[in-house]
Engineer: 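I am attaching a structure below and will ask some questions about it afterwards.
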Amino acid sequence: MRPVELPDIPPQQQVGIGMVCPFDMALDRELWRWMPESVSLYLTRTGFLDAPVDVDLCRDLNNHTEVAAAVRSVLAVEPRAFGYACASGSFVYGMAGARELSHCMLAAGAAAAVTTSEALVRALDAMQISRIAVATPYTSTLTGLLCDFLAEAGRSVIAHAELGRDHQIWTIPYPVTCELIRAADHPDADAIFVSCTNLWTYDILGIMEAELGKPVLSANQVTAWATLTDAGLVADSLCAHDGQSLFARVA
């Protein structure tokens with residue numbers, strides 16, 4: 001039997017991005033879809049918590065010991081940047097709490113680090129958006145904390161809507177999320193933010209932007225954009241996601 005001829009090219013060089021996720025993260029694939037082919041995601045999770053998605057759980061997710069251990073678990077493959085892929089776990093203690101999580105990741109060895117909530121603020125800064133509507137799958141109390149976080153970051157929350165879900169957020173279908181976004185929209189809002197990294201949004205952002213005539217940002221989108229930016233790869237991602245407002249507008 002003749003030996004199989006191997007391609008006369010080296011394997012593609014990958015840039016690694018570490019992603020610390022909460023224990024119930026079900027949308028690994030959605031984060032991957034935001035990444036160009038040159039990126040490998042190294043996903044790691046915090047420990048299991050048997051509780052509904054409420055304020056207490058989100059405070060427990062903001063556990064520096066577990067986040068630091070998650071970062072260290074993938075340091076051997078030398079990620080160029082790290083993200084903490086949880087909106088509620090990073091906004092629950094306000095701006096200071098989000099910054100402390102990033103500092104925790106840096107102290108654990110991350111070359112660069114950003115939380116989903118910090119990524120949102122960075123994206124709004126980059127797009128010069130000050131008035132925003134908020135759509136969440138959360139309870140009203142948790143949604144209120146997100147609105148407080150945005151106000152602390154200097155944004156005016158013009159309107160908000162929530163689904164009141166405290167479990168299995170990843171099972172929410174696209175039609176329900178589209179109606180949620182419509183319910184949150186307001187004529188005075190410059191953009192809409194759809195919170196929760198466990199809520200499917202990838203395939204509907206462009207559709208909703210076209211319908212509503214304004215940017216619609218999602219938690220996974222801003223997390224992906226910020227980590228790609230920190231890794232020096234935003235230009236690559238612009239080609240991969242034509243039509244998505246954040247990637248299309250920020251160069």
Engineer: Do Val114 and Val15 belong together in a cluster built from hydrophobic side chains that touch within less than 4.5 Å?
Structural biologist: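 Different clusters.
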Engineer: What residues, two or more places apart in sequence or in another chain, satisfy salt bridge (Lys or Arg N to Asp or Glu O under 4.0 Å) together with Asp24?
Structural biologist: none
Engineer: Over all heavy atoms of both residues, which pair between Trp170 and Ala26 is shortest? Give the atoms and the distance, please.
Structural biologist: CG-CB, 3.5 Å
Engineer: Output the distance between atom CD (Glu152) and atom CZ (Phe91), rounded to the nearest 0.5 Å.
Structural biologist: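 Answer rounded to 0.5 Å: 12.5 Å.
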Engineer: Taking C-beta and beyond as the side chain, do His167 and Val53 meet within less than 4.5 Å on heavy atoms?
Structural biologist: no
Engineer: Taking atom OG1 of Thr141 and atom CG of Asp166, what is their separation to the nearest 0.5 Å?
Structural biologist: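 Going from the OG1 atom of Thr141 to the CG atom of Asp166 covers 11.0 Å.
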Engineer: Over all heavy atoms of both residues, which pair between Ala70 and Thr44 is shortest? Give the atoms and the distance, please.
Structural biologist: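 Ala70 and Thr44 have their closest heavy atoms at O-CG2, 3.4 Å.
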Engineer: Do Arg33 and Asp28 sit within salt-bridge range, that is, some charged N less than 4.0 Å from a carboxylate O?
Structural biologist: no
Engineer: Enter the distance from Ile129:CD1 to Asp190:CG here, rounded to the nearest 0.5 Å.
Structural biologist: 6.5 Å
Engineer: About how many Å separate OG of Ser117 and CG of Leu150, when rounded to the nearest 0.5 Å?
Structural biologist: 8.0 Å
Engineer: Distance-only, no hydrogens or angles: does the Asn220 side chain make a donor-acceptor pair with backbone N or O of Leu31 under 3.5 Å?
Structural biologist: no
Engineer: Is a side-chain donor or acceptor of Glu209 paired with a backbone partner of Val216 at a separation under 3.5 angstrom?
Structural biologist: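 Yes: the side chain of Glu209 pairs with the backbone of Val216.
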Engineer: Does the side chain of Thr227 reach to within under 4.5 Å of the side chain of Met35, using non-hydrogen atoms?
Structural biologist: yes
Engineer: Measure the shortest side-chain to side-chain distance between Ile132 and Leu124 over non-hydrogen atoms and say whether it is less than 4.5 angstrom.
Structural biologist: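 Counting from C-beta outward, Ile132 and Leu124 do come under 4.5 Å.
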Engineer: Is any side-chain heavy atom of Ile204 less than 4.5 Å from a side-chain heavy atom of Ile181?
Structural biologist: yes
Engineer: Would Glu179 and Arg182 pass as an ion pair if we require N to O under 4.0 Å?
Structural biologist: yes
Engineer: Could you check whether the rings of Phe48 and Phe23 sit parallel, tilted or perpendicular, using 30° and 60° as the cut-offs?
Structural biologist: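 Geometry flag for Phe23 against Phe48: perpendicular rings.
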Engineer: Report the distance from atom SG of Cys196 to atom CZ of Arg165, rounding to the nearest 0.5 Å.
Structural biologist: 10.5 Å
Engineer: Following the transitive rule for hydrophobic clusters with a side-chain heavy-atom cut-off under 4.5 Å over Ile, Leu, Val, Met, Phe, Trp and Tyr, establish whether Ile172 and Ile207 coincide in one cluster.
Structural biologist: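 Different clusters: Ile172 never reaches Ile207 through Ile, Leu, Val, Met, Phe, Trp or Tyr contacts under 4.5 Å.
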Engineer: Would you check if there is a donor-acceptor pair between the side chains of Thr136 and Ser195 at a distance under 3.5 Å?
Structural biologist: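 Side-chain D/A pair, Ser195 to Thr136: absent.
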Engineer: Nearest heavy-atom pair of Arg122 and Ala226: which atoms, and what distance?
Structural biologist: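 So the two residues come closest at NH2-O, 3.6 Å.
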Engineer: Is there a side-chain contact between Cys178 and Met208 (heavy atoms, below 4.5 Å)?
Structural biologist: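 Touching, per the 4.5 Å side-chain cut-off.
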Engineer: Could you check whether Thr223 and Thr116, counting side-chain N and O atoms only, form a donor-acceptor pair closer than 3.5 Å?
Structural biologist: yes
Engineer: State whether Arg155 and Asp125 are salt-bridged, where the test is any N-O pair (Lys NZ or Arg NE/NH1/NH2 against Asp/Glu carboxylate O) under 4.0 Å.
Structural biologist: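 Answer for the salt bridge query: yes.
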Engineer: Go through Tyr84 and Met19 one step at a time and tell me if the side chain to side chain contact (heavy atoms under 4.5 Å, CB included) criterion holds.
Structural biologist: CA-CA 6 Å; Tyr84 176 77; Met19 204 67 75; over 6 Å; no
Engineer: Go through the steps for Val121 and Phe149 under the test side chain to side chain contact (heavy atoms under 4.5 Å, CB included), then give the verdict.
Structural biologist: CA-CA 10 Å; Val121 174; Phe149 174 90; 3.7 Å; yes
Engineer: For a side chain to side chain contact (heavy atoms under 4.5 Å, CB included) check, start with the C-alpha distance between Arg80 and Val39, then their side-chain angles and the critical distance, and finish with the verdict.
Structural biologist: CA-CA 10 Å; Arg80 190 179 291 181; Val39 168; over 6 Å; no
Engineer: Looking at every non-hydrogen atom in both residues, tell me the closest pair between Gly89 and Asn62 and how far apart they are.
Structural biologist: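 Between these two residues, the closest heavy atoms are O-ND2, 2.9 Å.
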Engineer: Give the table of side-chain donor-acceptor pairs shorter than 3.5 Å for residues 95-111, with sequence neighbours excluded, one pair per line with atom names and distance.
Structural biologist:
residue	atom	partner	partner atom	Å
Ser102	OG	Glu118	OE1	2.3
Ser102	OG	Glu118	OE2	3.4
His103	ND1	Arg99	O	3.4

Engineer: When you compare the side chain of Thr46 with that of Asn63, does any pair of heavy atoms fall below 4.5 Å?
Structural biologist: no
Engineer: Check the surroundings of atom CD in Glu78: do more than 12 heavy atoms from other residues, nucleotides or ligands lie under 6.0 Å from it?
Structural biologist: no
Engineer: Looking at Ile192 and Ala135, what are the two nearest heavy atoms and their distance?
Structural biologist: CG2-CB, 4.5 Å
Engineer: Could you check if a side-chain atom of Pro36 sits within less than 4.5 angstrom of a side-chain atom of Leu228, using non-hydrogen atoms only?
Structural biologist: yes
Engineer: Rounded to the nearest 0.5 Å, what separation is found between the NZ atom of Lys214 and the CZ atom of Arg131?
Structural biologist: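 Answer for the NZ-CZ pair, Lys214 versus Arg131, is 9.0 Å.
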Engineer: With distance as the sole test, does Glu30 use its side chain to make a donor-acceptor pair with the main-chain N or O of Tyr202 at under 3.5 Å?
Structural biologist: yes
Engineer: Test Leu217 against Met127 for side chain to side chain contact (heavy atoms under 4.5 Å, CB included), laying out the working first.
Structural biologist: CA-CA 11 Å; Leu217 307 178; Met127 299 175 73; 4.1 Å; yes
Engineer: Would Val134 and Ile158 show up in the same hydrophobic cluster when neighbours are defined by side-chain heavy atoms closer than 4.5 Å?
Structural biologist: no
Engineer: Measure the shortest side-chain to side-chain distance between Phe82 and Leu75 over non-hydrogen atoms and say whether it is less than 4.5 angstrom.
Structural biologist: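 Side chain of Phe82 against side chain of Leu75, heavy atoms only: contact under 4.5 Å found.
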Engineer: Restricting to non-hydrogen atoms, name the atom on Thr197 and the atom on Ala87 that form the minimum distance, rounded to 0.1 Å.
Structural biologist: CG2-N, 4.4 Å
Engineer: Answer yes if the ring centres of Tyr174 and Trp200 are under 6.0 angstrom apart, and no otherwise.
Structural biologist: no
